[in-house]
Amino acid sequence: MNYHFSAYMYRLRSIKRWSLMRSTTEENVAEHSFHVALLTHLLCEIGNKLFQRQLNAERAATLALFHDATEVFTGDIPTPVKHHNPKLLGSFREMESIAGERLLSMVPPELRSSYQVMLFPNGADTNPSDAELFKYVKAADSLDAYLKCTWELTCGNREFAVAKEQLHDKLDKLNLPEIGYFLEHFAPGFEMTLDELSE
């Protein structure tokens with residue numbers, strides 16, 4: 001029997017993000033997932049080394065790689081649309097669940113337990129250590145969106161000005177010192193040119 005899980009995961013590169021915004025650079029869900037995995041790993045390592053956490057950064061990065069997997073079926077629904085009202089958000093969550101079940105059915109039965117928690121992060125099977133890591137995945141997801149806004153504004157695109165402020169407020173409310181450390185020490189590089197970075 002053939003299993004199409006990986007073939008579908010590769011199609012995340014065809015799902016565009018920021019569909020309601022004018023962008024200087026297009027972004028797809030596969031790129032975003034990679035960036036979120038990088039940021040999640042870094043946030044966990046910052047937590048471990050600077051804030052005495054005991055986070056499994058490698059596990060967290062793996063969870064991050066799959067955090068938007070269901071969008072291969074649902075597409076990337078912009079935040080202002082899906083969060084416009086609770087009924088719409090509930091319908092979207094149901095769509096995500098159906099998409100997750102479909103993806104999981106494309107994994108050999110012997111491997112399904114490995115992918116269950118990644119496709120259903122809020123499921124009953126999620127253990128407390130993974131639940132803690134998903135907080136960092138969610139933080140990295142918002143952080144990547146913030147960095148996208150930063151990039152666009154640096155390129156002169158004011159379309160992302162309000163979104164950047166809203167995301168900065170959202171990141172502040174997470175109350176994670178790892179985010180504060182990243183914004184102080186890593187984020188400024190995203191506003192620099194290649195020549196400035198090279199100095």
Any chance you could measure [X], atom [atom1], to [Y], atom [atom2], to the nearest 0.5 Å?
X    : Y    : atom1 : atom2 : answer
F120 : T70  : CZ    : OG1   : 9.0 Å
N28  : R13  : CG    : CZ    : 9.0 Å
W151 : T25  : CH2   : OG1   : 6.0 Å
Y136 : T40  : OH    : OG1   : 11.0 Å
K138 : L143 : NZ    : CG    : 13.5 Å
L103 : Y115 : CG    : OH    : 11.5 Å

Taking C-beta and beyond as the side chain, do [X] and [Y] meet within less than 4.5 Å on heavy atoms?
X    : Y    : result
I179 : L43  : yes
C44  : E58  : no
N157 : M21  : no
H67  : F134 : no
L133 : S129 : no

Of E26, E27, E31, E71, the residue whose pairing with R17 passes side chain to side chain donor-acceptor pair (under 3.5 Å) = E27
Is the number of heavy atoms from other residues, nucleotides or ligands within 6.0 Å of [atom1] ([X]) greater than 12?
X    : atom1 : answer
E196 : CD    : yes
D169 : CG    : yes
F34  : CZ    : no
K164 : NZ    : yes
F51  : CZ    : yes
R112 : CZ    : yes

Look only at the side chain of S142 and the backbone of A139, and say whether a donor-acceptor pair between them is shorter than 3.5 Å.
-> no
[X] versus [Y], closest heavy-atom pair with distance:
X    : Y    : answer
V137 : V36  : O-CG1, 4.0 Å
A163 : C149 : CB-SG, 3.8 Å
A69  : L12  : O-CD2, 3.9 Å
T74  : A99  : CG2-CB, 4.1 Å
M118 : P121 : O-CD, 4.0 Å

Can a side-chain donor-acceptor contact be found between [Y] and [X] if the only test is distance below 3.5 angstrom?
X    : Y    : value
E152 : T24  : yes
D141 : H32  : yes
D195 : T193 : no

Group every Ile, Leu, Val, Met, Phe, Trp and Tyr by side-chain heavy-atom contacts under 4.5 Å, then state whether [X] and [Y] land in the same group.
X    : Y    : result
L111 : V72  : yes
Y10  : F66  : no
L38  : I46  : no
F5   : I98  : no
F186 : L167 : yes

Y146 and H168 aromatic ring geometry - parallel, tilted or perpendicular at 30°/60° bounds =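 H168 and Y146: tilted rings.
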Ring-ring centroid check F160 W18, cutoff 6.0 Å |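 Between F160 and W18, the centre distance is under 6.0 Å.
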H185-Y181 aromatic ring centre distance below 6.0 Å |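 Close enough - the centres of the two rings lie under 6.0 Å apart.
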Is any side-chain N of the basic residue among E178 and R53 closer than 4.0 Å to the acidic one's carboxylate O?
->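 So E178 pairs with R53 through a salt bridge.
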In plain terms, say whether K16 and D76 are close enough for a salt bridge, that is, a side-chain N and a carboxylate O under 4.0 Å apart.
->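 No, this pair does not count.
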